[in-house]
Amino acid sequence: MYRTHSNGELRLANVGQEVTLAGWVQKSRDKGFMIWVDLRDRYGITQLIFDEERTPKEMVDKAKTLGREFVIQITGEVIERVSKNSNIPTGEVEILVKKLTILNESKTPPFTIEDETDGGDELRMKYRYLDIRRNPVKESLIFRHKVAIEVRKYLSDKDFIEVETPVLIKSTPEGARDFVVPSRMNEGQFYALPQSPQTFKQLLMVGGMDKYFQIVKCFRDEDLRADRQPEFTQIDCEMAFVEQEDILNTFEGLTRHLLKEVNGVEIANFPRMTYDEAMKRFGNDKPDIRFGMEFGELNEVAKHKDFGVFNNADLVVGIAVPGGACYTRKEIDKLIEWVKRPQVGALGMVYVKCNDDGTFKSSVDKFYDQEDLAKWAETTGAKPGDLICVLSGVTDKVRAQLSALRMELATRLGLRDPKVFAPLWVVDFPLLEWDEDTKRYHAMHHPFTSPKPEDMAMLDTEPGKVRANAYDLVLNGNEIGGGSIRIHDKETQALMLSHLGFTPEQAKEQFGFLMNAFEYGAPPHGGLAFGLDRLVAILGGQETIRDFIAFPKNNNGRDVMIDAPSNIDDEQLKELNLKLDL
Ligand code: ASP
């Protein structure tokens, strides 16, 4: 038996017992006649003591050779500590060692295995197995496990069945590039890795499974933005015989369940907002509603004077920054510089200081009088002491810019408390989205999403205006889930694909299997998927998803620990019919 107890377990009540423990040497302090060793495992740290008077000499000698991260096993007696450590649960006891066995030695680790480490990102990733020994990473992985368990519990209780779907498939479009796998047995042909199990879960509905879920890896070959992984995990769900309302209620329930069980938080409000409203009020389809600073559209109260910049803009829109009237000229200049950075892209910013005495001082006093500015304050909800920041330009762009400013200011003002949770549904997304590069409409969600029946007639005339039965779940300014009611008849699916630029032949080749299935009694159905990595990070109060993934890839899509991707040899290339004759 390697151990009788874990290193997180022993208390005063165990004093007098003989125990055997195993683990890693966190550190050792050699005081000559006494050696103390902190022994660590997943469960905690227990202090060991080797005492020249009470521990056999050969064991003391052996203890002197111990280095950091050696793996050892000891047997000894639990004794009460003289100087107790109230910072750890085992801090009232220590083990007087009788026997020490070195199970394995360790090289000096390349970074310190402590909560605050001196290891940089790349080094930690290269030695991820050592990184995982550190509390922050270890705790994050355990936290992820808890969330996954609660997901499984909630969904199983609601009669969902977890079904595995294949990984070697044919393209399922979710708007990214596919990762492909060459088939040795089918010369010149490739599988695609799933961007999501979308078509399979729909086929499970045709198969009568009724309620499906799967915690599943998905793969998207996108240019990596910070904090995005080429392979990531979804909680993928689908239900038959449902309307949008049923889905929203079911997964509002899951979100509440997780917040309650994992975070101990009961959510009072779980609002729903249309896409149009979210864009108008927050300039963003995933608004952070933990704080105000809502958009005030100023076209009506700002386009009647000689200020050309505003008069030529599609949209003039502002936000009130609480307490911002006291910003110095220099601070405001910095804000203006911030919105002009290429990442934000505004051409400039107009501002109005709302003085405590009810008067206004603006950067456009030449054009607007106090009465005008009072209207701006009313529209943006600015109070005395606030600063109104106003941007103008092309509607979509200016909304995105002001939204970026709103989020930045909220962060600076400490309004984005990770312990506060504000979920909401954004509903009625547009069905299609115009793509300037390809000069074509693309499915905003994916090609299987059902248009709203009442908007169907506009598909030919004003496709951009057609709304979908599509919804996103937003938490603290992050899209953590999204889904839709699906098309479940062949004709509508064919029509949709033709609007997306597929010829009937292409549609048949790529999605014939799905449309055929629709001819055999497909039930009305819909679903959604949550991004598990991000969900876990947000519930865990963290910004980045990396530490919630055991072995993440870096920003170039590389696993630096195993050094992948890597070359394969000529023989293998030939076998796969991939030998390129250059
Ligand atoms: N397959 C979708 C996605 O990955 C989710 C869904 O529509 O259920 O975003």
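Remember, it's 1-based here, ligands and their atoms both numbered in the order they're listed.
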Proximal atoms of ligand 1 relative to Gln234 (non-hydrogen, under 4.0 Å): 3 (C), 4 (O)

Atoms in ligand 1 flagged as close to Lys201, the criterion being non-hydrogen separation under 4.0 Å: 6 (C), 8 (O)

Can I get a per-line list of side-chain donor-acceptor pairs under 3.5 Å for residues 181-194, giving both atom names and the distance, sequence neighbours left out?
residue : atom : partner : partner atom : Å
Ser183  : OG   : Asn186  : N            : 3.0
Ser183  : OG   : Asn186  : ND2          : 2.9

Which of the ligand 1 atoms, numbered from 1, are nearer than 4.0 Å to a heavy atom of Leu528: 6 (C), 8 (O)

Partner of Asp533 by salt bridge (charged side-chain N to carboxylate O under 4.0 Å, His left out), out of Arg228, Arg144, Lys217: Arg144

Where ligand 1 meets Gly483 - atom numbers and elements under 4.0 angstrom, heavy-atom basis: 6 (C), 7 (O)

Listed once per pair and sorted, the salt bridge (Lys or Arg N to Asp or Glu O under 4.0 Å) pairs that draw on residues 492-505, sequence neighbours left out: none

Atom CZ of Arg272: over 12 foreign heavy atoms under 6.0 Å: yes

Proximal ligand 1 atoms for Ala529, defined as those under 4.0 Å from one of its heavy atoms: 5 (C), 8 (O)

Candidate with minimal heavy-atom separation from atom 5 (C) of ligand 1, of Gly482, Ser484, Gly481: Gly482

Proximal ligand 1 atoms for Arg486, defined as those under 4.0 Å from one of its heavy atoms: 6 (C), 7 (O), 8 (O)

Distance filter under 4.0 Å to Glu174 heavy atoms, resulting ligand 1 atoms: 1 (N), 2 (C), 3 (C), 4 (O), 9 (O)

Sub-4.0 Å heavy-atom contact, Gln195 with ligand 1: no

Proximal ligand 1 atoms for Arg220, defined as those under 4.0 Å from one of its heavy atoms: 3 (C), 4 (O)

Lys419 NZ/CZ over Phe421 ring centroid, <6.0 Å and within 45° of normal: no

